[in-house]
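First the structure, in the form of structure tokens, and then the observations on it.
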Amino acid sequence: MRMSGKFSILLFIIIALAVSNIAEAKNMTLKMRSQVLEKNDKGYKVWRVIEKPKVVKGEETAIIITDMWDRHWSRAMNERVAALAPKMNELIKKARAAGVIIIHCPSDCTDFYANDQARIMTVEMPQAPPPPEIKHGNPPQPIDASDGGSDTDDMGGMPWKRQIATIEINQNKDFITDKGTEVYSVLKNKGIKQVLIMGVATNMCVLERSFGIHQMVKWGVNIALVRDMTDTMYSPAMPPYVSHEQGTALVVGFIEKFWCPSISSADIDGTSK
């Protein structure tokens, strides 16, 4: 009986610890990175990076996946999306397991998903009219993508038909749309308090779509960019004549300065230190 009693106590402790770990897994500490303009000790104006931790509940968080198409007119973007998608899919699976709502937003492709449960659930979601827009300045971006932003020879056109298949859609939990008003309705009906956005292109769709950063900020939505799960449309042949990677970093910094914070994917999957 003594051994049985000790075994019962040990079993109780193991179960309690397991339950505790599950509960903790549903919370995420997001290191919100932004930049502020201030004067240094010599009186020179400088941009200072600040990072503020924010604890959010998984079930009160949503991820917007932006225009991760199956095929892009730019060969460079095709290759970058193909490389990014497997990493994004693994991250999304971990986020979904923590209760995070996943909203797939492949623009111009909702007809492909017309009979999918995830699309039907989105359409049938009760409408939540967005609030009046908050006024917000729109300073010029630090890179020039007026040439289209591709750094390879391309075919042109609009060849995308769906979201890249590498990114899995849970038909019972996820949502599919390319409309900001539908995204907003999902957020309100699901009690979402924090939105994270990822996908491409940082300087175009991620910022400017009806479900992008510009619109969410104007609607007063708490949004943050997942800075290592995005990429720009930018060619080093254009100003400011830096590498593609530096161009992306410049846009991320621009967003941190003027629009919203950024986080690392490590904050979502729990590998952040």
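Hydrogens, waters and symmetry mates play no part in the numbers below; they use all other heavy atoms, side chains included.
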- Task: Would you tell me whether D231 and H244 have side-chain atoms, one donor and one acceptor, within less than 3.5 Å of each other?
- Result: yes
- Counting N and O atoms only, with roles assigned by atom type, does the side chain of S185 sit under 3.5 Å from a partner on the main chain of A128, one being a donor and the other an acceptor? yes
- From the list D116, T122, D174, side-chain hydrogen bond (donor to acceptor under 3.5 Å, both in side chains) partner of H104 resolves to D174
- Item | Charged N-O contact under 4.0 Å between R119 and E124 | no
- Query: Is there a side chain to side chain contact (heavy atoms under 4.5 Å, CB included) between V186 and N189 once you walk through the steps?
  - Reply: CA-CA 5 Å; V186 171; N189 279 281; over 6 Å; no
- Message: Any donor-acceptor pair under 3.5 Å linking the side-chain atoms of S243 with those of Q246?
- Response: yes
Would you give me the side-chain donor-acceptor pairs under 3.5 Å for residues 82-92, sequence neighbours excluded?
from, atom 1, to, atom 2, distance (Å)
N89, OD1, E168, N, 2.8
N89, ND2, E168, OE2, 3.3
E90, OE2, K93, NZ, 3.0

- Task: Indicate whether any N or O donor in one side chain lies under 3.5 Å from an N or O acceptor in the other, for S265 and D228.
- Result: yes
- Item | Side-chain donor/acceptor of D70 to backbone N/O of K161, under 3.5 Å | yes
Considering only distance and modelled atom types, tabulate donor-acceptor pairs under 3.5 Å from the side chains of residues 43-59, sequence neighbours left out.
from, atom 1, to, atom 2, distance (Å)
R48, NE, E38, OE1, 3.1
R48, NE, E38, OE2, 2.6
K54, NZ, Q194, OE1, 2.7

- Option from V242, T232, N203, T202 for which side chain to side chain contact (heavy atoms under 4.5 Å, CB included) with L250 holds: V242
- Under 3.5 Å, is there a donor-acceptor pair between the side chain of S235 and the main chain of M238? no
- Tell me, do Q141 and L207 make a side-chain contact under 4.5 Å, heavy atoms counted? yes
- Message: If only side-chain N and O atoms count, and only distance matters, is there a donor-acceptor pair under 3.5 Å linking S262 with R227?
- Response: yes
- Query: Are D67 and R209 within salt-bridge range, i.e. N to O under 4.0 Å?
  - Reply: yes
- Minimum side-chain heavy-atom gap N170-R96 below 4.5 Å: yes
Would you give me the side-chain donor-acceptor pairs under 3.5 Å for residues 130-139, sequence neighbours excluded?
from, atom 1, to, atom 2, distance (Å)
E133, OE2, Q215, NE2, 3.1
H136, NE2, F258, O, 3.1

- Message: Working note: Q163 + Y113, criterion side chain to side chain contact (heavy atoms under 4.5 Å, CB included); need CA distance, chi angles, decisive distance, verdict.
- Response: CA-CA 10 Å; Q163 182 171 267; Y113 298 101; 3.3 Å; yes
- Query: Should the heavy atoms of other residues, nucleotides or ligands under 6.0 Å from CD of Q127 be counted, would the total exceed 12?
  - Reply: no
- Within the side chain of S264, is there an N or O that forms a donor-acceptor pair under 3.5 Å with the backbone of D267? no
